[in-house]
Asks: 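Just passing along the structure, written as structure tokens.
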Amino acid sequence: MRVPIIAGNWKMNNIISQSLLLIDNIKEHSLNKEVEAVVCVPFTNLNEVKKAIEGTDIKLGAQNMHWENSGAYTGEISPLMLKEIGVDYCIIGHSERRQYFGETDEMVNKKVKSALKHNIKPIVCVGETLEERESAKEEEVVKEQVLKALEGIDKEYIKDIVIAYEPIWAIGTGKTASSDDANQMCGFIREIIGNKYDKEAKDNIRIQYGGSVKPNTIKELMAKEEIDGALVGGASLVAEDFVALVNY
Ligand code: PGA
């Protein structure tokens, strides 16, 4: 049984006071206990948000991490630092990191391995550009990203990995992939996992869709067989919307 997972990706939004207000507003509602709810917040807010969600079922996520435990990497944050705060999840290889900060599949692979080693569950992002989709290369691109991200990772870790399929053209644009297209790609990713590992891994891996998910589109997406959750940017910044997403 795959537990559905709705993760909010706050990106570079919310100073601490705004974060606490948002969490307070979320806490005024009850959240479906059968759905895992995660908030992935800026590094500077992790500690305060961790305290604010204490006693709730909401899980804490970061948006990036370095793969080394420590060292001369100015401006970076290590898995030990995240672990100390009590981070459960970390988004890895978001398309904005790949696009604006030069993250490669090799770096994504190192980060995924390091996160797993430190008991931080990676939410690994993959997805094609509009150009790649228009030239019918989306499956080829996604397959390469998935296989490279998981290179050298044993089957025992699959239950702790979440893959987020986020077509780049759908992120922050208001254009969602149709639920059929999203379902098809999530199914394709599941096949890749089945071929690389085995049927158990294929059945266990959780795959989210991300890209302009809103309260009015979540239900249809979640009804699809291959979609286990959503990674949500914009809508996760509004308490009522985040609650509606988790309670789809
Ligand atoms: P969006 O962002 O929901 O604002 O499109 C999704 C994401 O980038 O994870």
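Side chains included, hydrogens not; waters and symmetry mates left out as well; all remaining heavy atoms used. Quick caveat, the model's predicted, so the values are computed rather than measured. The first residue in the sequence is number 1, and the count goes up from there. Order of listing sets the numbers, starting from 1, for every ligand and every atom in it.
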Asks: Sort out for me which residue in Q145, E144, E151 forms a side-chain hydrogen bond (donor to acceptor under 3.5 Å, both in side chains) with K148.
Replies: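 With K148 as partner, side-chain hydrogen bond (donor to acceptor under 3.5 Å, both in side chains) holds for just one option, E144.
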Asks: Counting only heavy atoms closer than 4.0 Å, does ligand 1 sit against the backbone of I171, its side chain, both, or neither?
Replies: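 Looking at I171 and ligand 1, atoms from backbone and side chain both fall under 4.0 Å.
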Asks: Mind checking what makes ring-ring contact (aromatic ring centres under 6.0 Å, His included) contact with Y73, not counting sequence neighbours?
Replies: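 ring-ring contact (aromatic ring centres under 6.0 Å, His included) list for Y73, sorted by chain: H66.
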Asks: In the protein, which heavy atom is nearest to atom 4 (O) of ligand 1, and how far is it?
Replies: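 Nearest protein contact, heavy atoms only, for atom 4 (O) of ligand 1 is G234 N, 2.9 Å.
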Asks: Go through ligand 1 atom by atom and flag the ones less than 4.0 Å from a non-hydrogen atom of G211.
Replies: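 Atoms satisfying the 4.0 Å criterion: 5 (O).
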Asks: About how many Å separate CD1 of I123 and CD of E166, when rounded to the nearest 0.5 Å?
Replies: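 Going from CD on E166 over to CD1 on I123, the span is 9.5 Å.
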Asks: Could you tabulate the donor-acceptor pairs under 3.5 Å formed by side-chain atoms of residues 5-13, not counting sequence neighbours?
Replies:
unit_1: N9; atom_1: OD1; unit_2: K11; atom_2: N; d: 3.1
unit_1: K11; atom_1: NZ; unit_2: E96; atom_2: OE2; d: 2.8
unit_1: N13; atom_1: ND2; unit_2: W10; atom_2: O; d: 2.9

Asks: Under 3.5 Å, side chain of R98 to main-chain N/O of E103, donor-acceptor pair present?
Replies: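 No.
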Asks: Answer with yes or no whether K214 contacts ligand 1, where contact means a heavy atom under 4.0 Å from a ligand atom.
Replies: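 Outside the 4.0 Å threshold, so no.
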Asks: Considering non-hydrogen atoms of the protein only, which is the closest contact for atom 3 (O) of ligand 1, and what is the distance?
Replies: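 Sorting protein heavy atoms by distance from atom 3 (O) of ligand 1 puts G233 N, 2.8 Å first.
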Asks: Which atoms of ligand 1 have any heavy atom of S212 under 4.0 Å away?
Replies: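 Heavy-atom distances to S212 below 4.0 Å select 1 (P), 3 (O), 5 (O).
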Asks: Measure from the side-chain N and O atoms of S78 to the backbone N and O of N69, and report whether any donor-acceptor pair falls under 3.5 Å.
Replies: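 Yes, because the side chain of S78 sits within donor-acceptor range (under 3.5 Å) of the backbone of N69.
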Asks: Within ligand 1, which atoms have a heavy atom of H94 less than 4.0 Å away?
Replies: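 Numbered from 1, ligand 1 contributes 7 (C), 8 (O), 9 (O).
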Asks: Does the N or O separation between E166 and ligand 1 drop below 3.5 Å for any pair?
Replies: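 Between E166 and ligand 1, an N or O pair is found under 3.5 Å apart.
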Asks: Salt bridge check: are K59 and E36 linked by an N-O gap of less than 4.0 Å?
Replies: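 A salt bridge links K59 with E36.
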Asks: Run the numbers for me: atoms of ligand 1, each under 4.0 Å from some heavy atom of G172, listed by number.
Replies: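 In order of number, 1 (P), 4 (O), 5 (O).
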